[in-house]
Structure formats: structure tokens, C-alpha cells
Amino acid sequence: MVNLTIDGKQISVKENTTIMEAARQNGIPIPKLCYLKGINEIAACRVCVVELEGKNRLITSCNNVAEEGMVIHTNSPKVRKDRRTNVELILSQHDCQCVTCARSGNCSLQKIANDLNILDIPFEKEIERQPWNQDFPLIRDSAKCIKCMRCIQVCDKVQKLSVWDVEGTGSRTTVNVAGHGKIEDAPCSLCGQCITHCPVGALRERDDTEKVWDAIADEKKTVVVQVAPAVRTSWGEQIGLKPEEATIGKIMDSLKRMGVDYVFDTVFSADLTIMEEANEFVQRFTSGELKDRPMFTSCCPGWVRFAKSQYPHLVKYLSTAKSPQEMFGAVMKTYFAEKIGKSPEEIYTVSVMPCVAKKAEREKELFYNEYAGHGVDTVITTRELVKMMRSAHISPDTLQDIESDSPMHDGTGAGVIFGATGGVMEAALRTAYAIITGENPEADAFKAVRSSGFNANDGVMEAELNINGIKVRTAVVSGLGNTRNLLDKMEKGEVKYDFVEVMACPGGCVGGGGQPIHDGEELAFERGKTLYALDKNADLRFSHENPDIQKLYDEYMEKPMSHKAHMLLHTEH
Ligand code: HC1
Ligand code: SF4
């Protein structure tokens, strides 16, 4: 142990603990901007400076280790003056138009400037404005970038894609797409992790909320919305609702109050994806097609983009089943449109997703009879949903639980867990077991594929399962850096699997790039627990037992993998 004094308090901490961490463990918060534990510890912003007594100097607390006998002041006059100057300098290069910023109210720079009571910026303003493709789902505003380097490090270290890089030198140092490239040509997976780790409004998703308001206002359109499984775990975070208060039923109520005509839960189509994907797996597995390579799940568009740009030879091993978002879009514009006597053109479909890459996935075409268009018309993130609630002046405490509409009403626990890493695999195995053996397994029989913590085991869960004497080797991975490690091992022949689930974001969709932002805090695992609790308490826990799915096959799709199912529910990647 190391003994030191911080702000007059004598404390002991383990060796190699940073001063910032030592202070935090003892209830003394030190402000920070660029610091991200284990990812960005480069002291670029110098907001975390502290005074080291006797040495007459200031040091950064995020990357200096507590030493025996140190006497530290976190808030001396010298510290406050220096910290203030550092923040003022950052503000002098920052577009401070907070009222029109997507991160207003949730911005670390705004908070530290307010905390330090900075009312004026004594330095000359020098704002850099680079052009950006405003149609791309990921938007960067260089005028708001504070050069903290978090985006570079997250993309590099966590996602191993290195989309961003430093450009220029000295005071002209800035961040941009690596190699002076354009974002649309970069290998960006659109995971959005750089957005959720940006402390300010320099990175955000393309705002598509106005498209939804326009559709609602258009009397000729029937607006039909689906809400992804992971959204229920997080939407209440930014409006002060506790997890148990922020139910899916209240999201449905808010959408109806905004003027949406029909509301559905993507859990329904997650069950539909399982019906197709589990049957596809059993077919590919038993035909010997998976001798060399496993079948990969394909519902995560960040992963599909990553596979296409980094491992194109593996694309043919992706499941051809469309994602739940896309399957629902197809069902809404066909089966549902017919049910309510509308043409596909009259139906306007919106998805609420915890994800930025879903905005790009919607580009997939849907061809159906005379109709050629998109299954999904607009995708908004969880954050955009909350913005819409706020702009409709909906008071969260007045929301009631309402049911989703029929005839795509029912959903099972298997569909709910799609939103957490391992969930798709577990749901698929429950149904694959029933296909192979003719009976259900115990509902928790495959829980070995669940993650035991945020990014535990390098984000990989391996399990070898026995289904009726048949050995099925599975792996579940989340985070693209972890995925790259796993795929490289697989390609070297060090590991072998039959079925692999990949989610681009650490922890799965619950940790998605479209989820509410809590600076530097990783909430994916906590949110995932909510989904597993919902599954445990669900009346139905097997996708093949979903009555509305059974009805959809009886009335329309015939059976899994039928010709019609292939036309509407499968795709080429
Ligand atoms: Fe996901 Fe999925 S689980 S990809 O994370 O397969 O976005 O929630 O909706 O489509 O169901 C996202 C979540 C989501 C799809 C499903
Ligand atoms: Fe990198 Fe993901 Fe950001 Fe794209 S969205 S730049 S892949 S972190």
C-alpha cells in the first residue's frame, strides 16, 4: 500500500493507483475531459491537474501514480487558476453554440465550464470548420472537436478499425478521417462507439427525427413504428426514470401520443428471425456445409459492415436471414398492409434502434409484387426517440403502459434477449434444439453463452453444447476488436466453431452507439441484466411458441425457409 495526503485527508491506496483514482476512491472527485479508463490516459486536456506540495508544480492526476508521502491539493488557488485557463483555451477553439448542439445538457465541456463559472473567454476565438457529408449516418462537426483523442483511441483500441487519426501539428493539431480520406470511403462500421465516447457534440448520428414528424403530419401515410429490444433498457436514463419505471409500454404510449398510427415491438420479429435462422443453421449444419467455417449471425449491421470491409471471404458464411428490423419492415409492408387494406406505398415504417448502423442497414431494398422500395423508411436512435418525446412536451410521469398493436403483438423472452450479447445465440439454440429433438429444452439450458460481465473474457463466450448427441461448438463475441482477435484465431486454425454470434458493440445492442450517453461509464452489462430478467419472467421463452408468429406462417409465410419466406425474410449481404 501507498500512503499519501489528498486535500488534508490521509489515505492509503494500492501501488500503481493513479492520483485521480486514489482521490475518487476516497470521495474526492477530480474533473476530467479526455480521460477514459484504460483507453485514453494521455492527459491531453490538462483539466485534471493537481498541485504536488513541496515541488511547487502542477501535475496531471490521470496519468501520474500516487507515491508514498505525496501531499496533493486538488483545488488550491494555483490549481483552480490553471484548470480554468486550460478550459478557457479549449473553449477558444470550440464552437460554443450550445443551444443548437445535440449534446447540450449532456456535454462534459459545458459542465466543466459551468462548474468553473466561466462567463467569458479571454482568448481570441480560433474555430476550425472542415466539410462533412451530412447524408452519412455519422456526423462529425470539427468546430466542436476538443482534440481529446477519445474517438481515435476507441476506434483503434476497442474496435480495431482506426478510422480516425491526428492531422497537423502544434496548435493546428486536429482529428480527421485517417489518411485525409472521406468517411464514406473509410472502413467505418457505424458502430457509433466514437459517438458514445465523445465528451462533447463533435460526433453524433444524423438526425432523422424531422422525417418522422413529416410522415406523422402526412395524412396519406399510415405511420408504423417498431421499437428494438435494447431501447427498453435505457430510454429512461436521460429523463430521470428508474429502470423499472421505463417500460416498453410507456414508449408505445409516447409514440401514440406523438401521432403514430401503429406501434410494434421488434421482439416479435426477433422471434421471426430465430425461426428462419435456427432452421437455416440446422439445414447448413446437417448438410455438412459448415465443415470449414461456422455460420455467423447477421442481425448486427455494424458486424456485417465490418465483415464486408475486413473479412470479405467470410461474408458467404453469414446467415441469410434478415435482421429483425428488416424482417419487420418487410412484414409491415406486405402482410400487415394487406391486413389493414393499404398498399405498401401508404405505409411509412420507422424503427427505434439503439444503433447508428441500422440507419445504413435500412438501405436494403424490398421487392414485393409491384413494389420496390425499402422495408424500413426511417431509423431513429434511442437518443432521437427521447428528443422526440421532449419536443412533443410529453411529461414522462404521465405515461401509461400500453400494449403494442395486433396482429404482430406477441413476443417471447427469447426475442427480448436479442439486445444483449449472447442473446441471439441462446434464442437460436432454444429453437434449434426443438427442431432437432422435437421437444423443448429447459429454457435456461444454453445460458453458458451469456456474458458474465462487461467485456469479461475479452468479450468472448465459448460453449460446446450437446443436442441429442450432436456436438455444437459455439462462440459469442462482442466488440469489433475482440471479433478481430477471434476471427484471426479461427483463420489460423487455433479455434473451430459451428455457430458464431457477433455484435459490433461491447455488450451487444444494450451498449449500442445510439444509446443514451453517460460520459465514460459503460452500462451495457447492467442494461443486459434487465433483458435477462424480462426473459426469466416471460410467459413464453421459445420463439417457435409465439402465437402471432405461428399465425404469420399459417396465414402468409407458409413455413420457415419457404419460397415466400426467402423472398421477404432473407437477403444477400
Ligand atoms: Fe439490436 Fe436486433 S438485437 S440488432 O442490437 O437483431 O439495433 O435492440 O433491434 O434488427 O431484435 C439493434 C437491439 C435490434 C435487430 C433485434
Ligand atoms: Fe470507428 Fe465505430 Fe466510430 Fe466508425 S462508428 S469511426 S467504426 S468507432
Side-chain angles (χ1 to χ4, degrees), residues 136-140 150-165 175 177-178 183-184 186-198 203-205 226-234 248 265-274 277 297-306 309-310 319 321-329 351-362 375-376 379 381-382 411 414-424 427-428 478-481 501-515 524 527-528 531 543:
F136 197 68
L138 172 75
I139 304 283
R140 177 166 188 270
R150 282 189 186 184
C151 55
I152 297 181
Q153 303 268 37
V154 166
C155 193
D156 218 19
K157 290 187 183 159
V158 181
Q159 299 299 62
K160 292 215 173 120
L161 274 166
S162 309
V163 167
W164 306 112
D165 205 353
V175 176
V177 177
I183 187 68
E184 54 273 33
C188 172
S189 69
L190 283 173
C191 67
Q193 290 300 306
C194 52
I195 300 177
T196 50
H197 290 84
C198 177
L203 291 165
R204 63 175 171 85
E205 69 275 53
Q226 60 170 309
V227 183
V231 176
R232 74 205 63 202
T233 66
S234 65
I248 178 76
D265 188 338
T266 310
V267 169
F268 165 86
S269 56
D271 284 331
L272 185 57
T273 294
I274 288 303
E277 193 162 342
T297 58
S298 62
C299 51
C300 167
W303 149 237
V304 174
R305 287 173 72 86
F306 177 82
S309 75
Q310 308 296 306
S319 162
K322 282 184 184 172
S323 71
Q325 135 154 307
E326 286 300 318
M327 283 201 186
F328 220 149
S351 315
V352 185
M353 296 279 142
C355 175
V356 180
K358 289 278 172 196
K359 286 183 188 270
E361 189 190 62
R362 77 153 280 279
V376 175
V379 179
T381 62
T382 312
V416 169
I417 57 175
F418 256 63
T421 174
V424 181
S478 71
L480 292 172
E501 177 203 298
V502 185
M503 288 288 169
C505 295
C509 295
V510 281
Q515 294 279 59
R527 292 172 183 154
L531 297 184
S543 298

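Counting convention: from 1, in listed order, for ligands and their atoms alike.
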Can you name the atoms of ligand 1, numbered from 1 with element, that are less than 4.0 Å from a heavy atom of M353?
7 (O), 9 (O)
Could you tell me whether atom 3 (Fe) of ligand 2 has an N, O or S atom of C155 under 2.8 Å away?
no
By number and element, which atoms of ligand 2 are closer than 4.0 Å to a non-hydrogen atom of C194?
3 (Fe), 5 (S), 6 (S), 8 (S)
Could you check whether any heavy atom of P229 sits closer than 4.0 Å to an atom of ligand 1, since that is the contact criterion I want to use?
yes
Has F306 got any heavy atom lying under 4.0 angstrom from an atom of ligand 2?
no
Can you figure out which of C355, P324, A504 has its heavy atom closest to atom 2 (Fe) of ligand 1?
P324
Where on Q325 is there a heavy atom closer than 4.0 Å to ligand 1, on the side chain, on the backbone, on both, or on neither?
both
min-distance protein heavy atom vs atom 12 (C) of ligand 1 -> C509 SG, 3.1 Å
Spatial distance of atom CD1 (I248) from atom CG (D265) [nearest 0.5 Å]:
4.5 Å
Where ligand 2 meets S189 - atom numbers and elements under 4.0 angstrom, heavy-atom basis
2 (Fe), 4 (Fe), 7 (S)
Using a 4.0 Å heavy-atom cut-off, which part of L190 comes near ligand 2: side chain, backbone, both, or neither?
backbone
Number the atoms of ligand 2 from 1 as they appear, then name those within less than 4.0 Å of a heavy atom of L161, with their elements.
7 (S)
Among non-hydrogen protein atoms, atom 5 (S) of ligand 2 lies closest to G192 N, 3.1 Å
So for ligand 1, is K358 a polar contact partner (N or O within less than 3.5 Å, distance only)?
yes
Numbered in order shown, the ligand 1 atoms found under 4.0 Å of a heavy atom of A230 are 8 (O), 13 (C)
Could you name the option among A420, S269, P354, S234 that has the heavy atom nearest to atom 7 (O) of ligand 1?
P354
Against heavy atoms of C299, which atoms of ligand 1 measure under 4.0 Å?
4 (S), 6 (O)
CG of L480 to SG of C505, rounded to nearest 0.5 Å, is 7.5 Å
I need the nearest protein heavy-atom contact for atom 6 (S) of ligand 2: residue, atom name and distance, please.
W164 NE1, 3.2 Å
Among all protein non-hydrogen atoms, which one is nearest to atom 2 (Fe) of ligand 2, and what is the separation to 0.1 Å?
C191 SG, 2.3 Å
